[in-house]
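Remember, it's 1-based here, ligands and their atoms both numbered in the order they're listed. Predicted, not measured: the structure shown is a model, and the values here were computed from it.
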Amino acid sequence: VKSKRETMEKIAALIRRSASAAVLCHMHPDGDALGSMLGLALALERLGKRVHRVSPDGVPPPYDFLPGSRAVRRRLPRDLPPLAIVVDCDGLARLGPLARRTGQVAHVVAIDHHATGKAFGALRWVDPSAAAVGALLSELVAALGVPFDREIATCLYTAILTDTGRFSYTNTTARALRIAARLVQAGADPGAIYQQVYETKSLAQAALLGAALSRLSTADEGRIVLSALTRADFAATGANDSDTEGIIDQIRAVRQAEVAVLLVERGGEVRCSMRSRGRADVARVAEALGGGGHPQAAGCTVAGPLARARKQAIRLIAAELGPRA
Ligand SMILES: [Mn+2]
C-alpha cells in the first residue's frame with residue numbers, strides 16, 4: 001500500500017512540474033476510459049496546465065455528454081508535450097495508431113487497474129483492486145489539491161458507474177461506493193448521468209439489441225449463454241459497431257448464465273465480449289485469445305468465421321468454469 005501511495009505522489013509531483021500534458025485513453029473507449037481521461041484533463045486545467053485530450057476513436061455516444069468531450073482530438077499535437085498520462089490501458093498497443101508517438105514522449109505515465117496486459121511507461125500506477133481508473137484518479141485529484149467540482153465529479157462518477165456495471169459487479173466495493181458518494185457530494189447527478197449513459201439509445205441500437213436477444217443460444221449445459229451479430233444485422237437495423245455497447249449485460253441477465261458471450265462480426269474478424277457472474281475468470285479466457293480485461297468483464301478479437309470463434313470461446317470458457325459443482 002505504501003508503494004502505491006508513493007507512486008501516486010511521484011505522479012502528482014511530475015504533474016506539478018509539467019506545464020503541459022497529454023491525457024490519452026484506449027481505442028474503442030468505454031465509460032471508464034473517457035470519464036477518466038476527461039476528469040483528469042479538467043483537474044490538470046484547474047492547476048493551470050495546458051492539456052491535450054486524446055482518444056484514438058474520439059468520443060462516441062453516449063459519452064459525448066461528458067464535460068470537455070468537445071475538446072478531444074484523435075491525434076497527439078505536432079509538438080509533443082513533456083508528459084503523457086495514459087489511462088485504463090493495459091498495453092501501449094491499445095492506443096493503436098498513437099502508440100508509437102506516445103512512446104516518444106519524455107515522461108510516459110500509466111494509470112490502470114487491469115491485471116492483464118503488457119507493461120509500459122516509466123511511471124506505472126496499476127491497481128487491480130480499484131473498481132475503475134476513475135476511482136484511482138479521484139485519489140490523485142485529491143492529492144493534487146484540486147477541489148472536486150461538478151464537472152470533474154461527473155466525469156469520474158461516470159467512470160465508476162460504467163466499470164462497475166451500474167454498481168453490480170463484484171468490484172462494487174465499499175471503497176468504490178465511498179468514492180462515488182464523495183463525487184455525488186461534489187455535484188455528480190446519479191439520475192441524470194444514468195439517463196445519459198443508459199437511456200439514450202437510438203431506435204437502431206434498440207433494434208440491434210432485439211436482434212441479439214432474439215437468437216440466444218446456450219452451451220456447456222446452459223452455463224454459457226451466447227448471441228452473435230452479423231454484418232447483416234447491422235445493415236438491417238442501421239446500427240454501427242459502437243451500438244453493441246450494453247447488449248452483453250442484457251445477455252448476462254439470463255438466470256442460468258454463468259458466462260455471457262456476444263460475438264460480433266467485424267470484417268473477417270470476430271469481436272468477442274464476455275461477462276461472468278463470478279465463477280469463471282473471463283480475463284484469462286480473453287488473454288488466451290490475445291485480448292484482456294477484468295475477471296468479470298473481458299474481451300478479445302479473434303479470426304473468423306463466427307462459427308469457429310464461437311466454438312473456440314465455448315471450449316475455453318467451459319474449461320475455465322470447470323466441472324459442474
Ligand atoms: Mn477501466
Side-chain angles (χ1 to χ4, degrees), residues 4 7-8 11 23-41 43 53-57 59-60 62-63 66 69 72 85-96 109-121 124-141 152-173 175-177 179-180 183 188 193 197-198 242 244-246 248-249 252 271 273-276 281-284 286-287 291-301:
K4 276 178 187 168
T7 305
M8 187 185 72
I11 294 172
V23 187
L24 300 100
C25 70
H26 55 75
M27 293 187 292
H28 309 298
D30 55 16
D32 187 29
L34 290 167
S36 293
M37 188 260 285
L38 292 167
L40 179 60
R53 296 163 170 81
V54 187
S55 164
D57 290 323
V59 185
Y63 300 112
L66 289 170
S69 56
V72 171
I85 305 176
V86 183
V87 299
D88 200 39
C89 237
D90 66 351
L92 207 51
R94 291 203 64 203
L95 291 176
V109 172
I111 304 179
D112 188 26
H113 67 138
H114 290 87
T116 57
K118 205 164 169 228
F120 70 96
R124 300 175 48 71
W125 182 22
V126 181
D127 181 357
S129 76
V133 172
L136 294 175
L137 293 181
S138 300
E139 293 170 22
L140 178 64
V141 168
I152 293 175
T154 297
C155 292
L156 298 180
Y157 180 91
T158 300
I160 297 170
L161 172 72
T162 53
D163 252 24
T164 57
R166 322 177 191 192
F167 301 111
S168 72
Y169 300 157
T170 49
N171 62 357
T172 310
T173 56
R175 175 183 165 204
L177 289 167
I179 294 169
L183 296 171
I193 293 171
V197 175
Y198 297 114
S242 64
T244 57
E245 174 132 358
I248 185 73
D249 296 296
R252 199 183 81 136
R271 173 77 195 162
S273 302
M274 294 172 280
R275 295 290 183 274
S276 167
D281 180 347
V282 289
R284 286 174 30 146
E287 228 183 347
H294 305 290
Q296 282 194 275
C300 52
T301 299

Sorted by chain and number, sequence neighbours left out, ring pair (Phe, Tyr, Trp, His ring centres under 6.0 Å) with H28 holds for none
Checklist entry - CZ of R284: more than 12 outside heavy atoms within 6.0 angstrom? => result no
Looking at D32 and G134, would you say the former's side chain and the latter's main chain have a donor-acceptor pair under 3.5 Å? yes
Inset, instruction - Would you please classify the geometry between the H294 ring and the H113 ring as parallel, tilted or perpendicular, with 30° and 60° separating the classes? - result: tilted
Listed as residue and atom, the protein N/O/S atoms under 2.8 Å from the Mn ion (ligand 1) are D32 OD2, D88 OD1, H113 NE2, D163 OD2
Going through the distances and angles, do V197 and I193 end up as a side-chain contact (heavy atoms from CB on, under 4.5 Å)?
-> CA-CA 6 Å; V197 175; I193 293 171; 4.1 Å; yes
Keeping S55 on the side-chain end and C25 on the backbone end, is there a donor-acceptor pair under 3.5 Å?
no
